[in-house]
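Worksheet: the structure to be examined is printed underneath.
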Amino acid sequence: MQIATWNVNSLSVRLPQVLDWLASNPVDALGLQELKLVEERFPFAALEAAGYHAVVHGQKTYNGVAWLTRSPVLEVVRNIPGLADEQARTIAATLDTPQGPVRLINGYFVNGQAPGTDKFAYKMRWLSALHAWVAAELACHQRLVLLGDFNIAPQDRDSHDPEGLRGSIHHTVEERGQFQALLDLDLHDAFRLFEQPERSFSWWDYRMLGFQKNRGLRIDHILVSAALRHTVTACTIDRTPRKKPQPSDHAPVVVTLG
DNA sequence: ATGGTTGTGCAACAA
């Protein structure tokens, strides 16, 4: 079984690339972020023709998340329960598999702009609420995957310039502490379960030839619960779509479970 | 060096 995450930075623009990628990478579930469209504009028909069901938490212009799955899902939850949030940032669903149900949580985590700003304060509140929610979800779903655009580079090796960017957004002690708090729920960073090339990143700024110079960050993550950890056989970042014309600034990340 | 690029939507904001 394969599960993937991809921040597409506008599904309207990126739909052809998503269809193209799914044709070559027929994953069982794909969590999308930054749809930038409302559910009424979601391309259900094109994705159904490609063999995918979709559940959507849309928003006009900003944010927006969805799950694409080969088989229908159950128990869909939009946003973090109990958190008053006008921004469409999470969608959870349960996927039945031959090995049993898997709880899938997809998040477009708050960017946070810069430490000391209102947006950073919102990021930290949001991360606290997410942590409490994921803890509750784990209590009833042993087999759980939390993935998405975390907007956090967990360690220095996840940044192209850890010294120059120390303490700046994606790199702060506070953000990294929240990432560690998620790991402390006995979640595991699937990418780091394996040997990986140095300077492996999942996002590159459109500006300053960021991708060509591999000046990126690893901020898109797939965390798996303890019950799933030993079934994971691979986790990779697919840079192929980033090389194509009019790409998303993020690359898809794929986890393979036995 | 406060630059540079992309998306939404048509000015300015978010990333």
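Throughout, protein chains are lettered first and strands after them, A, B, ... in sequence-line order, and every chain is numbered starting at 1.
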Open item on the list: Under 4.0 Å from OP1 or OP2 of B/dT8: is there any side-chain N or O of A/K60 that close?
Closed with: no

Open item on the list: Please check if the number of heavy atoms outside A/R70 that lie under 6.0 Å from its CZ is greater than 12.
Closed with: yes

Open item on the list: Please report the distance, rounded to the nearest Å, between NZ in A/K36 and P in B/dT8.
Closed with: 6 Å

TODO: Looking only at side-chain atoms of A/M208, point me to the closest of B/dG9, B/dG7, B/dG4.
DONE: B/dG4

- [ ] Return the nearest nucleotide to the side chain of A/E34; candidates are B/dT8, B/dG9, B/dA15.
- [x] B/dA15

Task: Length of the CG-P vector between A/L35 and B/dA14, whole Å - done: 19 Å

- [ ] Could you tell me whether the phosphate oxygens of B/dG9, OP1 or OP2, come under 4.0 Å of any side-chain nitrogen or oxygen in A/T61?
- [x] yes

Open item on the list: Counting only Watson-Crick pairs (N1-N3 plus N6-O4 or O6-N4) and G-U wobbles (N1-O2, O6-N3), all under 3.5 Å, who is the partner of B/dG4?
Closed with: none

Task: Nearest-Å distance for atom pair CD/C1', residues A/Q59 and B/dG7 - done: 14 Å

Task: Residue met sooner reading DNA chain B from 5', once A/R207 and A/N7 are mapped to nucleotides - done: A/R207

Open item on the list: Could you tell me how far B/dT2 sits from B/dA15 if I compare only their C1' atoms? Round to whole Å.
Closed with: 16 Å

TODO: Nearest whole angstrom, please: distance from the P of B/dG7 to the CG of A/L32.
DONE: 16 Å

Open item on the list: Heavy-atom count check: over 12 atoms from other residues, nucleotides or ligands less than 6.0 Å from A/Q142 CD?
Closed with: no

Open item on the list: Is it true that, when you exclude A/E48 itself, more than 12 heavy atoms of the residues, nucleotides or ligands shown sit nearer than 6.0 Å to its CD?
Closed with: no

TODO: Between B/dA14 and B/dG4, how far apart are the C1' atoms? Round to whole Å, please.
DONE: 15 Å

- [ ] Taking atom CD of A/E86 as the centre, report whether more than 12 heavy atoms of other residues, nucleotides or ligands fall under 6.0 Å from it.
- [x] no

Open item on the list: I need the OH-P distance between A/Y122 and B/dA15, as an integer number of Å.
Closed with: 9 Å

- [ ] Look at the side chain of A/Y206 and decide which nucleotide, out of B/dA15, B/dT8, B/dT5, has an atom nearest to it.
- [x] B/dT5

Open item on the list: Given B/dA14, B/dT8, B/dG9, identify the nucleotide with an atom nearest to the side chain of A/S12.
Closed with: B/dT8

Task: N/O (side chain, A/Q246) to phosphate O (OP1/OP2, B/dT5) under 4.0 Å - done: no

Open item on the list: Salt bridge check, A/R192 against A/D158: does any charged N sit closer than 4.0 Å to a carboxylate O?
Closed with: yes

Task: Of the listed nucleotides B/dA15, B/dG9, B/dG7, the one nearest the side chain of A/Y108 - done: B/dA15

Open item on the list: Within the 4.0 Å heavy-atom criterion, would you say A/R14 contacts the bases, only the backbone, or no part of the nucleic acid?
Closed with: sugar-phosphate

Task: Residue from A/L147, A/N106, A/I222, A/T256 passing side-chain contact (heavy atoms from CB on, under 4.5 Å) with A/I3 - done: A/L147

Task: Euclidean distance, atom CD of residue A/Q113 to atom P of B/dT2 [Å, nearest integer] - done: 18 Å

Task: Candidates B/dG4, B/dA15, B/dT8 - which lies nearest the side chain of A/S10 - done: B/dT8

TODO: Once you apply the 3.5 Å cut-off to both distances, tell me the Watson-Crick or G-U wobble partner of B/dA11, or none.
DONE: none

TODO: Give the rounded distance in Å between these two atoms: CH2 of A/W203 and P of B/dT5.
DONE: 14 Å

TODO: Measure the distance from CG on A/N151 to C1' on B/dA14 and round it to the nearest whole Å.
DONE: 11 Å

Task: Integer angstrom distance from the P of B/dG3 to that of B/dG9 - done: 25 Å

Task: Of the listed nucleotides B/dA15, B/dG7, B/dG4, the one nearest the side chain of A/N9 - done: B/dG7

